[in-house]
Amino acid sequence: MGNHVLIVGAGLYGSVMARELTDAGCKCCVIERRNHIGGNCYTEHVEEAGCHRHAYGPHIFHTNSEDIWNYMNQFCSFNSYVHRGKSLCKGKLYSLPINLSTFYEVYGVKTPDEARMRLEEVRVQTGDVDNLEDWCLGEIGPELYELLVKGYTIKQWRKDPRELSASIIKRLPVRLNFDDNYFRDRFQGIPIGGYTRIFERLLEGVSVELEVDFMSDRDGWMSRFDHIIYTGPIDAFFDYSEGLLEYRSLRFENEILDTVDYQGASIINCGDIEVPYTRTIEHKHFDLDYSKARTLVTKEYPQDWYEGRERYYPISTSNNAETYQKYRELAVSLDLPVTFGGRLGQYKYFDMHQVVAAALTKSRQLLARDFKSFKKEN
Ligand code: FAD
């Protein structure tokens, strides 16, 4: 094969691509704007607290696919962590995702039948299920919506929930039993030794250059490689010619505390609108290691995104969807030897297992044909 491929971004999409293409005989070079590999999955060990800090927000690996699970297990071992959420609202703790414990905490009902009947009473059908608020009113009624969803959503997105697509919330289950496992998937866990180790293994034998921004010499890089895998922001690639894609950003405040266990769980959401952070993260609960007397706690504050801040969440509005579509059309019409992949390249929130699956599929497609004739189908 022997194609010479440049991969822009050492996140999960870029690193899986690098592994697959290198193993198939391509010569890959990865460039990364940041000073570390791992993209938003990056973790670093914090000796004082004896845990790994999830530097860009808490990451729980989960998948229903045995193939993806086995693929990841080539590069790490997962511990037995199971995510069970909690939300602190108006001074009281509630179980998340919504389950029979939550119904008990809010309404005092004790059985699945009582919870079902209560749900039927409180649901409000508005006729519009496309926006987040109306969808929630139709699913869980005003009380649960206002307590657990509304404030959190407004803080997270700084938009009226009626302007947001219901797709953001649809993946959150509502259960009438006591199952408080956040995910429905068959497999979940946290990599033992942190996420960064996975990337070290994915990138073994691959040339990686850190603190290199593709955009500072885009045309130069394009001229030197047969194909580019670009996992940066698609609007930046095209010099924002079709307009700016909006993101939400985050800010993290970290604190080491002199206690073994500060909050008893890895993540506690805060739904109160007057509290500026959305959740507190206690990282040692991910590692399941309680050997140190101190603990690392992070408060996560949503904030507006502008150039210079990290892009975290694409914002799911019709305007952004139209702008993204224009970039897609531009990419196809220009017939560039570029694959746009990952959350920034495709302007879409993806869970990690989805990113791995997408990179594996795309790498197989690329390898099945000559890269240079791949242009139009990317
Ligand atoms: P990234 O990780 O963003 O990698 C892209 C890389 O490209 C970055 O390192 C960036 O610096 C680099 N780059 C960009 N532009 C350039 C350029 N011009 N030149 C060079 N390099 C460039 N998923 C889960 O499955 N479970 C979770 O619990 C979970 N929690 C999350 C929590 C938060 C707060 C967020 C924001 C996401 C979470 N995710 C979770 C999603 C997960 O982070 C993504 O699926 C994954 O990181 C996407 O990988 P990626 O390679 O597409 O993007």
Side-chain angles (χ1 to χ4, degrees), residues 6-19 29-43 54-65 68-69 72 78 81-83 85 156 171 182-183 185 187-191 195-196 198-199 202-203 208-218 221-222 228-239 247-252 266-267 269 278-279 281 286 298 300-303 305 307 309-315 338-359 362:
L6 177 72
I7 295 166
V8 181
L12 197 51
Y13 191 95
S15 301
V16 170
M17 273 285 185
R19 181 73 275 136
C29 171
V30 176
I31 56 170
E32 168 55 56
R33 190 171 51 80
R34 295 172 177 164
N35 63 2
H36 59 76
I37 58 174
N40 278 7
C41 304
Y42 172 73
T43 52
H54 295 212
Y56 297 90
H59 279 69
I60 300 137
F61 193 88
H62 58 97
T63 179
N64 223 1
S65 158
I68 298 296
W69 184 247
M72 293 304 287
F78 288 93
Y81 178 85
V82 173
H83 189 54
Q156 174 82 338
R171 64 194 189 124
Y182 204 88
F183 301 110
D185 292 337
F187 308 100
Q188 68 175 297
I190 302 291
Y195 281 91
T196 308
I198 298 177
F199 291 86
L202 280 168
L203 294 169
V208 179
E209 293 179 38
L210 298 177
E211 297 184 90
V212 176
D213 188 340
F214 172 76
M215 292 310 294
S216 62
D217 183 25
R218 178 188 52 197
W221 288 111
M222 298 268 294
I228 315 282
I229 310 287
Y230 177 82
T231 73
I234 190 167
D235 54 352
F237 183 95
F238 291 111
D239 299 320
Y247 286 86
R248 286 295 280 162
S249 190
L250 297 173
R251 178 172 71 79
F252 299 100
S266 57
I267 302 177
N269 285 4
T278 44
R279 46 188 185 172
I281 300 136
F286 289 125
T298 300
E300 182 177 306
Y301 294 82
Q303 58 181 10
W305 175 82
E307 197 65 57
R309 279 186 175 169
E310 284 297 341
R311 295 167 166 89
Y312 280 88
Y313 296 105
I315 303 182
V338 181
T339 295
F340 293 90
R343 65 180 190 103
L344 301 167
Q346 293 175 261
Y347 191 64
K348 189 167 172 24
Y349 178 87
F350 290 117
D351 274 330
M352 290 179 277
H353 65 98
Q354 296 170 312
V355 169
V356 174
K362 187 59 79 178

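All residue numbers refer to positions in the sequence shown, counting from 1. These figures come from a predicted structure and were not determined experimentally. Atoms within each ligand, like the ligands themselves, are counted from 1 in listed order.
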Enumerated ligand 1 atoms positioned under 4.0 Å from heavy atoms of L12: 49 (O), 51 (O)
Considering non-hydrogen atoms of the protein only, which is the closest contact for atom 33 (C) of ligand 1, and what is the distance? Y313 OH, 3.4 Å
State the atoms of ligand 1, each with its element, that fall below the 4.0 Å cut-off from a heavy-atom position in V8. 17 (C), 19 (N), 20 (C), 21 (N)
How does Y56 reach ligand 1, if at all, at less than 4.0 Å between non-hydrogen atoms: by side chain, backbone, both, or neither? backbone
Checking D213 side chain against M215 main chain: does a donor-acceptor pair fall under 3.5 Å? yes
Pair V212, W221 - check side chain to side chain contact (heavy atoms under 4.5 Å, CB included), show working. CA-CA 11 Å; V212 176; W221 288 111; 3.6 Å; yes
For atom 2 (O) of ligand 1, closest protein heavy-atom neighbour: N40 N, 2.9 Å
Contact check: Y13 vs ligand 1, nitrogen or oxygen atoms, below 3.5 angstrom: yes
In terms of atom number and element, which parts of ligand 1 are under 4.0 angstrom from non-hydrogen atoms of Y312? 36 (C)
Classify the ring geometry of Y195 against H54: parallel below 30°, tilted from 30° to 60°, perpendicular beyond 60°. perpendicular
Looking only at protein heavy atoms, identify the closest one to atom 7 (O) of ligand 1 and say how far it is in Å. G9 CA, 3.2 Å
Quick check: does Y349 get an N/O under 3.5 Å from an N/O on ligand 1? yes
Give, for atom NE2 of H83 and atom OH of Y182, the distance between the pair rounded to the nearest 0.5 Å. 6.0 Å
Quick note on ligand 1: atoms under 4.0 Å from a heavy atom of L250 include exactly 34 (C)
Where on D213 is there a heavy atom closer than 4.0 Å to ligand 1, on the side chain, on the backbone, on both, or on neither? both
Who's the nearest protein heavy-atom neighbour of atom 21 (N) of ligand 1, and how far? R33 N, 3.1 Å
Looking only at protein heavy atoms, identify the closest one to atom 11 (O) of ligand 1 and say how far it is in Å. E32 OE2, 2.6 Å
4.0 Å heavy-atom contact, F350 with ligand 1: yes
What part of V212, side chain, backbone, both or neither, has a heavy atom within less than 4.0 angstrom of ligand 1? backbone
When you compare ligand 1 with P233, is there at least one nitrogen or oxygen pair between them that comes in under 3.5 angstrom? no
Looking only at non-hydrogen atoms, which of G232, S216, G38 approaches atom 14 (C) of ligand 1 most closely? G232
Indicate whether the side chain of R34 and that of N40 have a donor and an acceptor atom separated by less than 3.5 Å. yes
Are any of the N or O atoms of F214 closer than 3.5 Å to those of ligand 1? yes
Going by side chain to side chain contact (heavy atoms under 4.5 Å, CB included), Y312 matches just one of Y247, W305, Y56. Which one? Y56
Are the side chain of R251 and the backbone N or O of Y301 linked by a donor-acceptor pair below 3.5 Å? no
Shortest heavy-atom approach to atom 38 (C) of ligand 1 - which of H54, H59, R34, H83: H59
In terms of atom number and element, which parts of ligand 1 are under 4.0 angstrom from non-hydrogen atoms of G342? 52 (O)
I'd like to check whether R279 has a polar contact with ligand 1, where a contact means an N/O of the residue lying under 3.5 Å from an N/O of the ligand. no
Ligand 1 N/O within reach of M352 N/O, cut-off under 3.5 Å: yes
Expected output: side-chain R33 to main-chain V8 donor-acceptor under 3.5 Å: no
Is the F237 ring parallel, tilted or perpendicular to the F214 ring (thresholds 30°, 60°)? parallel
Hey, do the aromatic rings of F187 and F61 have their centres closer than 6.0 Å? no
Can you name the atoms of ligand 1, numbered from 1 with element, that are less than 4.0 Å from a heavy atom of R343? 1 (P), 3 (O), 48 (C), 52 (O), 53 (O)
Main chain of G38, side chain of S15: is a donor-acceptor contact present, judged purely on distance under 3.5 Å? no
Please name all residues satisfying side chain to side chain donor-acceptor pair (under 3.5 Å) with Q156, sequence neighbours left out, ordered by chain then number. none
Without swapping roles, check the side chain of Y347 against the backbone of I315 for a donor-acceptor pair under 3.5 Å. yes
Kindly indicate, with the supporting measurements, whether the criterion side chain to side chain contact (heavy atoms under 4.5 Å, CB included) is fulfilled by H353 and S65. CA-CA 8 Å; H353 65 98; S65 158; over 6 Å; no
Using a strict 4.0 Å cut-off to heavy atoms of C41, name the atoms of ligand 1 that fall inside it. 47 (O)
Taking distance alone, with no angle check, do I60 and ligand 1 share an N/O pair under 3.5 Å? yes
Using a strict 4.0 Å cut-off to heavy atoms of P58, name the atoms of ligand 1 that fall inside it. 28 (O), 29 (C), 30 (N), 31 (C), 32 (C)
Under 3.5 Å donor-acceptor, T196 side chain and T43 backbone: yes
